[in-house]
Each structure stands twice: as structure tokens, then as C-alpha cells.
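Before any comments, here is the structure.
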Amino acid sequence: MSQKAKTMTVVLVVIALVIGILVGFAVGKVGVAPTTITQTITQPVTYTITYTTERTVISTVMMSPATTTSPATSPTTSPSPTTTSPVQQYVWTLPNENEIVADLSKRITWSGEVTIEMWDGLGGGDGWVMDHLVDTFNSLFAGKIKVVRVMQGAWSDVYSKLLAGYKAGVQPDVFIVHPTEIPIFAYTVMQPVDNVIKNFGLSRDQYIEWYWDMLWWPDPKTGEKHMMALPLDIHPYAMYINLDLAEKYGIPIPKPGEIKTPDDLLNWLRLAKQKLQTEKTGIYPMGIETGAGNFWFWWSLTPRDLVVGDGTVTNPKPAINSTDGINTFKWFKIAADEGLIVVHPWNELIYGLAMNTTHPVLSWVHGPWAQATFDLIPGFRYAVVALFGGDSPYKVWTSGHIIGLTYGNTPERQKAAEIFAVWLSKHGGPWGAYAGHIPAYKEGWKFPPYANNPHRMQFVEQAKLGAKFLTLHPAIWEIGDHINAHVLNVVNGQETPEEAAQKSEQEALAILAPYAGG
């Protein structure tokens, strides 16, 4: 490759990184003002959207009659005017959209338009996709239901505002959070949706079953479990592998679930190191990041919930300083001591995995949101390998988005919110195809833009194998921050696995103490 070509490729990767960082993935650490498009549409609707590197979005409705107004531009750094991104087409409606709309419309008993409000913390690319789904719903139900989406900032801001709004009697109709927040909101901000699943004909077999099951939560007064939210997606960890490197050095790509245990993963990394000749080439078998993702990786390497331990979700008895916990920290020590992993910031790992220009690595265990970046890097070929699961006690970390209902406003708004929540839950296909998440509604896996993307379908294999949510306890994120720090201390040789496990458990107990008896 000529120097000029290399320079152009690096420029394109920089652009891809800028766009990819805006994705903001599931935990919503990045927020960008959403793109808005004004349009007049009659159903059915198909959108064709053209991207340029300036992120100019032109929306054309592929039917007549229809009109569109001027394109909208989202705020990003202006890239080189000599480069262009691939043109992509986006379809926001389902093949059976008319049937869905007709069924939901039968439930509208009011005259005029009812406006409802949805709160969330979806930033970057997630927010952009959600904006288009909301716009599509509003077009399909024009004159009857209008959804106003309010991005409330970082997820911590969303939680604070939901709690404050509940106390003040000012609530949205719909909101999006993660299952880990169910203990915070259940039976106050978040009301059961048992009647929704009954009245709208939703059932467990239509969704990822193990995900559906975990959304049932006991009423603190009666102990009876109720469905607390509608599932939208999950976004588990899986392993990304650079296909060009694997093929060049003759490294086998594991089949889904072939790597069943952390020891299996170590053995694959050892084989990869041998074939890569890491000492000579400088290419490491795997990269791990400096950020919070190491807690999620640590969680993936545990055979059980070590935060709950021998207790319950409402009364955890951490077992981090157990044989299982110590062995999990030992995995990182072994991998570091044998030169199987290398630590770099997130953006450097993107370069290292996709370009091999700085800190090259063969693989990286990370979430599906990274696809949004990888898919924009010219010439980058990668595989997604589903890990653990099945009959193994080990399950990769996952989180997800759920749709909560407050039932805090007028009866008409409550019914409109139910209709929108069901519609959105069934549109996991477009959501997953363009935001990268795995639809909880399994019919979404068949949505053509999703089904035709091999990387998305490789993540579906991970969903089929199973994954493990964090403990549903309000303190889990703070505990995770501490464990994450100790993982890096072990990797860097600053603590032994035994010290890391002991300190992590002591800190977890201190964090949990204020919740005792609550």
C-alpha cells in the first residue's frame, strides 16, 4: 500500500472513530443532540437515508404522495471534504406494518390527538435511531397519538429525574432504562404491565425467554411477582476477531459456544499467541480496555453471581473472596503474565483491532455497539464469536433496554402509552439493525436489514447461548467500579488475585451496608 493510500485509510478510520464514539452505546455515557427530520408521510413507509461524512441525513419517502423538507445535520466534527462514507439505506417499518398498525388502532377509543412523553438517556447513535423510530410511529398514528421523546442526559440524570418527578407528581408516560434499575423503580415510577401482555397478546415464546423471566419482580406488599416492563433489547459481550490476522497466521475461528469456560479461552489465546509470534510481531492475542468494561469482562468469567453470593438479591452476601472470585482474578493475572492480553484505552483498541497500526491485537471481548464503529472502517473484516453459555455455568455479561410505564397520567395517555410501548417492543428489528442491539422480540431477528447482517446474527447466537445480567441491586454499579479497579491492579502487578478478591469483597460489603434491612 502506498503512503498516500495509508494516509487516506487512517483519515477514514479517524472519521469512523468520531462517528463511532457518538454511538454512546447502551450505558449512555455520551450524549448528542438528536437529529430531527420533518416530513409528511402516509403509510406504509420506507425511508431511504443517505449518509455523508458531514452526517447530512436526507430522508426520502419511497411512495406517493409524500413530501420531505430540508435535510438535518447532526453536530459532528467536520471531516476532510475529499472523503465520503458508503451510502446506506434504512428501513424503519416492518413487512407486516399495516397489520400491526391496524391491530393497535382498534384500541384507540378517543377523538383527536393524545400527546405522550417518553424519557430516556439514549445518546449518540442510539438516540438518532430512536428519534427515527418515534418519528415513524408519529407518522403512522398521526392525528391519534403523538410521542414526544425527551433525552434527559446521562443515565444517572434520567434516574434522578424519574424519582423526583414521581415525588412531585410530574411523570412521563413511557421511559427506557435497564433491568438493573428495576429495584429502584418497581411499584413506584415503574408499574406492572401484566394487563398489557394479556390484552395485547404478548407471550414469553415471542421474546428471549430467559430475558422475559427476569423482568418479573415481587410486590413488596404481597410477594406476588408481576411483569415490570416490556423488553426491547439485550446487548451482551462476545468476542471480536480480526479475520485478516486470523487467516494470515492460521488461527482457527471458534464456533459459537465452542469456548465454554475461561480455561478454554486461555487455551485459545495461547494458541493464538504461538501462531502470531507475539514476541516478534508485537501482535497480542487480545486487548482489554482501561475503562469500566473490565468489570463486565470479570463478570463474564464468573460461574455465578458473586455479589449476591449465598444471599438473595434483596439481601446479598458477597462471595467475591471465594475460590470462584479468586480464580476469576487469577485469570487476568495468568493472561497478563503470559503476554496473552494487553491494556489500552478504548480508542486505541479500535485502532489495534481494526487497523493493526498501533498496539495491534487479534481479538477483543466487547459489546454489540462496537459494530457501529467497525462497520465504518474501510476494508476491516471481522468475526463475532459467541462465548460460554449453553450447558456451561459461565455466561457472558449483558445489559439491555426495557420499556417502562408510569400510569401516572390520564386514562387516554395511559392507553396511548401502552400502544406505543407495544409497537416499540415489536420494532426491535430496526432498532437492532441500526443501533446494533439484539432485539428481545425474536421476530425482529428476521427483519431483513438485521437478518442480512452476518455480524448481527452472530450476536443472536450469543443470545441463544444465554448471558448474565448484573445483580439487580441499586449498588451494583458502585461495586462494579471497585472491582474494575482491582482487575487493572492485578493486570498491572499491583495486587495479587487474593488481595484483589479480599479488598473487592470488603468494599462491596461497605457499599451494601446502608441497604441492610431495607
(message) As a quick check of understanding, evaluate side chain to side chain contact (heavy atoms under 4.5 Å, CB included) for Leu424 and Ile176, giving each step before the final call.
(response) CA-CA 11 Å; Leu424 183 60; Ile176 293 177; 4.2 Å; yes

May I ask you to test the [X]-[Y] pair for a side-chain heavy-atom distance under 4.5 Å?
X: His427; Y: Tyr441; value: no
X: Val189; Y: Leu163; value: yes
X: Phe329; Y: Val487; value: yes
X: Val396; Y: Met239; value: no

Report yes if the distance between the aromatic ring centroids of [X] and [Y] is under 6.0 Å, otherwise no.
X: His178; Y: Trp155; value: yes
X: Tyr159; Y: Trp477; value: no
X: Trp397; Y: Tyr237; value: yes
X: Phe332; Y: Phe297; value: yes

(message) Can you tell whether the side chains of Lys442 and Glu209 come within less than 4.0 Å, N to carboxylate O?
(response)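 Salt bridge present between Lys442 and Glu209.
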
Just list the side-chain donor-acceptor pairs under 3.5 Å for residues 380-388, sequence neighbours left out, or say none.
residue: Arg381; atom: NH1; partner: Asp244; partner atom: OD1; Å: 2.4
residue: Arg381; atom: NH1; partner: Glu247; partner atom: OE1; Å: 3.3
residue: Arg381; atom: NH2; partner: Glu247; partner atom: OE2; Å: 2.9
residue: Tyr382; atom: OH; partner: Asp375; partner atom: OD1; Å: 2.7
residue: Tyr382; atom: OH; partner: His455; partner atom: ND1; Å: 3.0

(message) Has Trp268 got a side-chain atom pairing as donor or acceptor with Pro254's backbone, closer than 3.5 angstrom?
(response)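 A pair under 3.5 Å: no.
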
(request) Using distance alone, with no hydrogens and no angle criterion, decide if Ser425 and Tyr207 have a side-chain donor and acceptor under 3.5 Å apart. (result)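 Their side chains do contain a donor-acceptor pair, which is all the 3.5 Å distance test asks for.
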
